[in-house]
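Worksheet: the structure to be examined is printed underneath.
Side-chain atoms are counted along with the backbone in the values below, which use heavy atoms only and exclude waters and symmetry mates. Naming: A, B, ... by sequence-line order, numbering from 1 per chain.
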Number of protein chains: 2
Amino acid sequence: MQQLIDYIERFVKLSSETINELKELARLETYEKDEYILEAGRHCNKIWFLKSGMVRKYYVHDGKEITVWIHTENETFTSLQSYAQNIFSEEYLQACENTELISISKSDSEKLAQNAQIMTFVNAMMGKEFSNIDKHSKELNQRDARGKYEYLNQIALEIIKRAKLGHIASILGISQETLSRIRKF
Amino acid sequence: MQQLIDYIERFVKLSSETINELKELARLETYEKDEYILEAGRHCNKIWFLKSGMVRKYYVHDGKEITVWIHTENETFTSLQSYAQNIFSEEYLQACENTELISISKSDSEKLAQNAQIMTFVNAMMGKEFSNIDKHSKELNQRDARGKYEYLNQIALEIIKRAKLGHIASILGISQETLSRIRKF
DNA sequence: CTTTTCTTTTGACCTAAATCAAAAAATAAA
DNA sequence: TTTATTTTTTGATTTAGGTCAAAAGAAAAG
């Protein structure tokens, strides 16, 4: 839990009351490798903080799994469209390794929304998340296969080091054979 | 101005006080074809509502203009990274036609932020904008050239009808020759 | 350990789309 | 209008990266 507090305090200093509130609302969840945190067709009503392990976000298009992103330690994530707009998720969230998460449910986070410190954090986090997606989509849409790989290597080394080749290739929108060839120069 | 109010009321019903507040803060801006609304290297401290005309958002990469998106009537837009994080914009906003905008400056919108109705609208708008970028990046990253064109044709017919071929091709990340060939089947 | 299953690499081939170049069409300017 | 400029189309050629198939390596299961 301290890990989550440290993470939030990189955005905003928390009072001890806020910390206590957080501690009451946050839940520890553990998942085995390959277990689902969220499946498509369900409502996503949580935000998660990744304590340890790795989580893959993907959706299915024409029967093929398209990996959107892979999250590693000390990141927050959710299925944003479903969470923000109360619609069914099109995305799956699956543990790629044994994983520990801290979750805050939507109803609970709405209680926290009364708290200005938490709102500052949530806004900063959302702004950052938004900027990231905006940036990634630009970078990945314009570069060639090697350029995409180098970009990912710069901004998300953990993914490159730990994720499966096929999943990385899918994030980049290239075939895994091409990625394999890029890797050995 | 009524046009902006109608637009907002698609998200949230406004009281007459809120409408009056809005009317005081909002400014009408007009731009000639090719004029800049925002240039890279400057801070973006406004949100705009597009009353009439067309605005292209682009950035420069390796000396080439990369068109990110083109906005048409009844859309709101800003240079989000710059606006949200107070950093220099990497994006240009340029009128593609003679254009009328309604602008609200950041300091003014922070006054409006005291107003719960406005906050509901701002959050809904941001959520929608976010969802759009998220969706577009997925769609455009995975499809082939024809698929990308068909996607844009579905979701943004105005762009297809009114924007220059080269700009559309740039949004899709394909060459304008390829787009020209796709168009005549 | 062996065997089975899953993942990555390698090779051969093919296709979508980029590039280069020039003509045609459309728009703007004189 | 005629001329100049910009935009779009068309053709020829090249190439990055996809697909298919099989081998090699690694991990998991027996």
Counting side-chain heavy atoms from CB outward, which of [options] is closest to [X]?
X	options	result
A/E177	C/dA17, D/dG17, D/dC20	D/dC20
A/S180	C/dT19, C/dA17, C/dT9	C/dT9
A/S175	C/dT9, D/dT19, C/dA16	D/dT19

(message) So, using ring-ring contact (aromatic ring centres under 6.0 Å, His included) as the criterion, who are the partners of B/F77 when residues are at least two apart?
(response) B/W48, B/H71
(request) Could you tell me which residues satisfy ring-ring contact (aromatic ring centres under 6.0 Å, His included) with B/H61, sequence neighbours excluded, listed by chain and number? (result) none
(message) Using a 6.0 Å cut-off, check whether atom CD of B/E73 has over 12 heavy atoms from anything other than its own residue.
(response) yes
(request) Could you tell me whether the side chain of B/L22 reaches within less than 4.5 Å of the side chain of B/I8, counting heavy atoms only? (result) yes
(message) So A/T72 and A/L50, do their side chains get closer than 4.5 Å, heavy atoms only?
(response) no
Could you state the [atom1]-[atom2] distance from [X] to [N], rounded to the nearest angstrom?
X	N	atom1	atom2	answer
B/R146	C/dA16	CZ	C1'	11 Å
A/Y149	C/dT8	OH	P	12 Å
B/R183	D/dT10	CZ	P	13 Å
A/R143	C/dA18	CZ	C1'	18 Å
A/Q176	C/dT10	CD	C1'	12 Å
B/I182	D/dT10	CD1	C1'	15 Å
B/K148	C/dA16	NZ	C1'	12 Å
A/D144	C/dA18	CG	C1'	12 Å

(message) Using a 3.5 Å distance criterion without hydrogens, assess whether the side chain of A/K57 forms a donor-acceptor pair with backbone atoms of A/T78.
(response) yes
(request) Compute the angle between the rotation axes at the two ends of the helix from C/dC1-D/dG30 to C/dA30-D/dT1, each taken over five pairs, rounded to 10 degrees. (result) 50°
(request) Could you tell me whether A/E29 and A/K46 have a side-chain N and a carboxylate O separated by less than 4.0 Å? (result) yes
(message) I'd like to know if A/R162 and A/E97 make a salt bridge, using a cut-off of under 4.0 Å between side-chain N and carboxylate O.
(response) yes
(request) Please determine, by modelled atom types, if A/E24 and A/N20 share a side-chain donor-acceptor pair under 3.5 angstrom. (result) no
(request) Would you jot down, in residue-number order, the residues of residues 161-174 of chain B having a non-hydrogen atom under 4.0 Å from DNA chain C? (result) B/G173, B/I174
(request) Mind running a 4.0 Å heavy-atom check of residues 52-59 of chain A against DNA chain C and sending the residues that fall below it, in number order? (result) none
(message) Is the phosphate of D/dT8 approached by B/K184 (side-chain N or O, under 4.0 Å from OP1 or OP2)?
(response) no
(request) Please round to the nearest 0.5 Å and tell me the distance separating atom NZ of B/K51 and atom CG of B/L4. (result) 10.0 Å
(request) Just grab all the ring pair (Phe, Tyr, Trp, His ring centres under 6.0 Å) pairs involving residues 86-119 of chain B, residues at least two apart or on different chains. (result) B/Y36-B/Y92, B/H43-B/F88, B/Y58-B/Y92
(request) Measure up the A/Y7 and A/F49 rings against each other and bin them: parallel (under 30°), tilted (30 to 60°), perpendicular (over 60°). (result) tilted
(message) Under 4.0 Å, counting only non-hydrogen atoms across every strand here, what does B/R181 touch: a base, just sugar-phosphate, or nothing?
(response) base
(request) Name the residue closer to the 5' end of DNA chain C, choosing between B/T178 and B/K33 according to the nucleotide with the nearest heavy atom. (result) B/T178
